[in-house]
Visitor: 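One structure follows; several queries about it will come next.
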Amino acid sequence: MSDTADRQVWKDFGRYHLDRGTNPPEPQRANWTFWDGGPGDEVLGDLAGRRVLDIGSGTGRYAVHLARAHGAVIDAVDGSPTQHQRALDRYSKDEPGVRFILADILEHLRQETEPYDVAYAMHSFGFVDPHQLLPALAPRIRPGGRLVFSVLHTNRDGLGPSSTVHPRPEGVRLGDDGMLTTSMWVLTPALWEDLLVEAGFLVGDVAVLPSPVDDDPVLCQLITARWCARVASRPRTTAPPVAQTALGVCVIVTARVLSVHENPCAQPQAVNAAARRTGAVSSG
């Protein structure tokens, strides 16, 4: 599908729900899957006073929940005018701690100058080309900042993730009135890890989350990573580094060198890469 067609899908999706006054309940916790249970707010870390980006915020209800429950300061960005309108209809544009933004996420990241402490996406990350999204997102996250997102792993027909970085058509349900079709990047955990590392992220965990219903084939991936600022190598010299210059990857020299425990980017990865490549990732 073309980018224009994909944009129209989300405009039609929002219009469908605007016309029917669809108003999903206020969440009590973050939901990274299509069912109740599983990880919640805790995977985002301490959000109090943190600057946070919600990618593909839809009705804005999770952004509002996180701002109210944890004191986060959130930019809730969605590129669909009808989805954006749903958020404004549901909450005041002056909702404390939340700024509702109608914008293409890539354009927003190009224009934004202040970095985020945390960025997250619930189900929306796979609708954007990762070759464009990750390089645009990386420099807008503070060094050591957290990226958390959930993506589809296996769809309702039992079709698992792709082994190449290409989109495929996937359905978006319109209540009981059928489906819309849009492009989605449904990738193996190994591919997501490769893309993240290429963009300068340190992958912390990849969890494959199964449905609690025995005969439901749907699986989701929940991925957590840290942004580690890339640093140009220092010219060869016998002189010691000057204060406030960078040394290596993710170790910033100010008055002193940060220890491993102070610098999250120096922590070892929590999931064995070889296990990811064989599909032996954690579940739940």
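Note that these values count all heavy atoms, side chains included, but never hydrogens, waters or copies made by symmetry. Numbers here are sequence positions counted from 1.
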Visitor: If I compare all heavy atoms of A138 with all of A199, which pair ends up nearest, and what's the gap?
Guide: CB-O, 3.6 Å
Visitor: Any salt bridge linking D78 with R86? Criterion: basic side-chain nitrogen under 4.0 Å from a carboxylate oxygen.
Guide: no
Visitor: What residues form a side-chain hydrogen bond (donor to acceptor under 3.5 Å, both in side chains) with H166, not counting sequence neighbours?
Guide: T164
Visitor: How about W185 and F127: are their ring centres within less than 6.0 Å of each other?
Guide: no
Visitor: For the residue pair V151 and G126, what are the closest heavy atoms and their distance?
Guide: CG1-N, 3.9 Å
Visitor: Short question: side chain of S57, backbone of G60 - any donor-acceptor pair under 3.5 Å?
Guide: no
Visitor: Which atom pairs, one a donor and one an acceptor, fall under 3.5 Å between side chains of residues 20-27 and the rest of the protein, sequence neighbours left out?
Guide:
residue, atom, partner, partner atom, Å
R20, NH1, Y16, O, 3.0
T22, OG1, H17, ND1, 2.9
N23, OD1, R90, NH1, 3.1
E26, OE1, Y91, OH, 3.0
E26, OE2, R90, NE, 3.2
E26, OE2, R90, NH2, 3.0
E26, OE2, Y91, OH, 2.8

Visitor: State whether a side-chain donor-acceptor pair under 3.5 Å links T182 with D6.
Guide: yes
Visitor: Just wondering, are more than 12 heavy atoms of other shown residues or ligands nearer than 6.0 Å to CG in D177?
Guide: yes
Visitor: Rounded to the nearest 0.5 Å, what's the gap from CG on L209 to SG on C220? Could you check?
Guide: 6.5 Å
Visitor: State, to 0.1 Å, how close N31 and G37 come at their nearest heavy-atom pair, and which atoms those are.
Guide: OD1-O, 4.4 Å
Visitor: Please determine if R61 and E95 form a salt bridge, counting it only when a charged side-chain N lies under 4.0 Å from a carboxylate O.
Guide: no
Visitor: Give the C-alpha distance, both sets of side-chain angles, the deciding distance and a yes or no for side chain to side chain contact (heavy atoms under 4.5 Å, CB included) between Y120 and L53.
Guide: CA-CA 6 Å; Y120 72 89; L53 174 63; over 6 Å; no
Visitor: Would a 4.5 Å heavy-atom cut-off, applied to side chains only, mark D54 and L66 as touching?
Guide: no
Visitor: Drop me the distance from Q28's CD to D36's CG, to the nearest 0.5 angstrom.
Guide: 11.0 Å
Visitor: Rounded to the nearest 0.5 Å, what's the gap from NE2 on H84 to CG on D89? Could you check?
Guide: 10.0 Å
Visitor: Donor-acceptor check, side chain of E193 to backbone of T188, threshold 3.5 angstrom: yes or no?
Guide: no
Visitor: Check the hydrophobic clustering (I, L, V, M, F, W, Y; side-chain heavy atoms under 4.5 Å; chains of links allowed) and say if W10 and L174 are grouped together.
Guide: yes
Visitor: Taking the side chain from T224 and the backbone from D205, do they hold a donor-acceptor pair closer than 3.5 Å?
Guide: yes
Visitor: Restricting to pairs with a member in residues 152-174, which pass salt bridge (charged side-chain N to carboxylate O under 4.0 Å, His left out), not counting sequence neighbours?
Guide: R168-E170
Visitor: Go through the structure and list residues passing side-chain hydrogen bond (donor to acceptor under 3.5 Å, both in side chains) with Y116, not counting sequence neighbours.
Guide: D75, H108
Visitor: Hey, could you give me the OG1/CG distance between T82 and D12, rounded to the nearest 0.5 Å?
Guide: 7.5 Å
Visitor: Where do T154 and G160 come nearest, in terms of heavy atoms and distance?
Guide: OG1-CA, 3.8 Å
Visitor: Determine, step by step, whether L47 and V118 satisfy the side chain to side chain contact (heavy atoms under 4.5 Å, CB included) criterion, reporting the C-alpha distance in whole Å, the side-chain angles of both residues, the deciding distance to 0.1 Å, and the verdict.
Guide: CA-CA 8 Å; L47 296 178; V118 179; 4.0 Å; yes
Visitor: Applying the salt bridge (Lys or Arg N to Asp or Glu O under 4.0 Å) test to D117, which of R226, R146, R140, R142 qualifies?
Guide: R142
Visitor: For the side chain of E42 and the backbone of G40, is there at least one donor-acceptor N/O pair under 3.5 Å apart?
Guide: yes
Visitor: Are the side chain of W227 and the backbone of I141 linked by a donor-acceptor contact shorter than 3.5 Å?
Guide: yes
Visitor: State, to 0.1 Å, how close S211 and D216 come at their nearest heavy-atom pair, and which atoms those are.
Guide: OG-OD2, 3.0 Å
Visitor: Do F149 and W192 make the cut of ring centroids closer than 6.0 angstrom?
Guide: yes
Visitor: Does V77 reach the side chain of I55, with side-chain heavy atoms less than 4.5 Å apart?
Guide: no
Visitor: Walk me through whether R51 and I74 qualify under side chain to side chain contact (heavy atoms under 4.5 Å, CB included).
Guide: CA-CA 6 Å; R51 190 163 189 267; I74 302 182; over 6 Å; no
Visitor: List for me each residue that meets side-chain hydrogen bond (donor to acceptor under 3.5 Å, both in side chains) alongside E114, sequence neighbours excluded, and say none if there are none.
Guide: none
Visitor: With rounding to the nearest 0.5 angstrom, report the CH2 to CG distance, W32 to L44.
Guide: 4.5 Å
Visitor: Nearest 0.5 Å, what's the CG-CG distance between L109 and L134?
Guide: 10.5 Å
Visitor: State which residues pass ring pair (Phe, Tyr, Trp, His ring centres under 6.0 Å) with H123; sequence neighbours excluded, sorted by chain then number.
Guide: F34
Visitor: Is a side-chain donor or acceptor of R29 paired with a backbone partner of P39 at a separation under 3.5 angstrom?
Guide: yes
Visitor: Within a 6.0 Å radius of atom CD on E107, are there more than 12 heavy atoms belonging to other residues, nucleotides or ligands?
Guide: yes
Visitor: For the residue pair L187 and V165, what are the closest heavy atoms and their distance?
Guide: CD2-CA, 4.0 Å
